[in-house]
Amino acid sequence: MWYTNNVSYGIKERRKNMTLKGIKLRIYPNLEQQHQIIDNFGCCRFVWNRMLNMQIERYKNSPDSKFLNGFAMNILLKQLKYEYPWLKQVDSTSLQDTCETLAVTYQRFFKRLGGYPKFKSRKYPKKSYKSKMVTNNIRLVNNHYLKLPKLGIMKFKGRLTTGKIKSATIKLSPSGKFYCVLLTECENQTPFDKTNKNVGLDMGVADLMITSNGMKYPTIRFDKINHKKLHYWQKRYARRRAQAIALVAQDKHNKVLLPRELSDFKNVEKARLMIAKYNEKIANQRNNYLHNLTKQLVEQYDVIKIEDLKTKNLMKNHKLARAIANASWREIRRQLEYKCAWYGKQLVIVNPRKTSQICSNCGFDDGKHTLDIRKWTCPNCGMNHDRDINAAKNILAA
Ligand SMILES: [Zn+2]
């Protein structure tokens, strides 16, 4: 499965005819390797928090002092390793990457692109670290095994890569599955054949996507499809958690047992894992649906026009359906952006002004239509319009 997560995995063109791609593999570490990976998460978190604290203290002591960049923090890392020798037991490049990511987070904050870096908690459900490629330390062995620094070889499942490996990001999902995202430099994808067809897309809530030639792609509520099983475990989790909290409070009062945490209760942990599993399933199904949609679009059309969604978000609504639609639109745009670049197609972002009130046939401005008006007739040319298809046609014409 092709996978691009955030800015750092995005498509940046390094060399001509070369693209960076993230390839997500499921990996199967043994118990010892699993412990090593979890230790590595801990060490990266420790370095992150230490460095962040150091930057904050430095600023407090002398606000004029210059901010330490990734390179400077990597030099301090050496000192930190003397102080805490157990840091040497994990992959050193991952600790360097932690410092560099912290520096990037700071720079984004200075440019007002992001918030102030936060301290990382052990309880944060998304866990990952990144190993950099240094002298062949990340490689495929016999095409069936993956060799990772400090971990050794392990089985993996996923599409093989032919490109040059740049880095590996090891992740643990909330449901307990291990993944590795290999960042590789590959030759450009062969572009799709030109079809000489253009399309405008309107995004909606009931119908996720409406094309200018009248096709409607429905919103599929994968959360509703999986609701029964998810709800079953959510109820159990809530009850078991409440019982466990009561027990811990009792222990504290009687001082009989050692202090316990919620994760020490096997039945609570089981329920939490099941919830994570179903949430992951919902996310996977939704992603799969969107990937199929965008792939089809890129195959069928040469130029794809979509609205700039920033203005559309002004229609704020606290309903879940709206929140899901918003997330799906962002994802569709992100996928179209990189897929169009890969397959030699063009994506045009259009200003969504008045797309729902102008007649696509004669250009007459009929004034505002409230959201409940799904169909209308143009008073100028007498054409019957479906609200969404008309909007999609306007987007195409823009
Ligand atoms: Zn008209």
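Whatever order the structure lists them in is the order used to number ligands and atoms, beginning at 1.
Ion pairing between a basic and an acidic side chain is recognised when a charged N comes within 4.0 Å of a carboxylate O; D388 and K393 show no such pairing. A salt bridge does not link K266 to E269: none of the charged nitrogens lies less than 4.0 Å from a carboxylate oxygen. Salt bridge absent: E280 and K277 never bring a charged side-chain N and a carboxylate O closer than 4.0 Å.
How far NZ of K345 is from CD of E299: 8.0 Å, rounded to the nearest 0.5 Å.
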Let me have the donor-acceptor pairs involving side chains of residues 75-84, under 3.5 Å, with sequence neighbours excluded, atom names and distances please.
unit_1	atom_1	unit_2	atom_2	d
Y84	OH	R50	NH1	3.3
Y84	OH	R50	NH2	2.6

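Taking distances strictly below 2.8 Å, the protein N/O/S atoms close to the Zn ion (ligand 1) are C359 SG, C362 SG, C378 SG, C381 SG.
Because its NZ or CZ atom is both nearer than 6.0 Å to the ring centre of Y179 and within 45° of the ring axis, K24 counts as a cation-pi partner of that residue.
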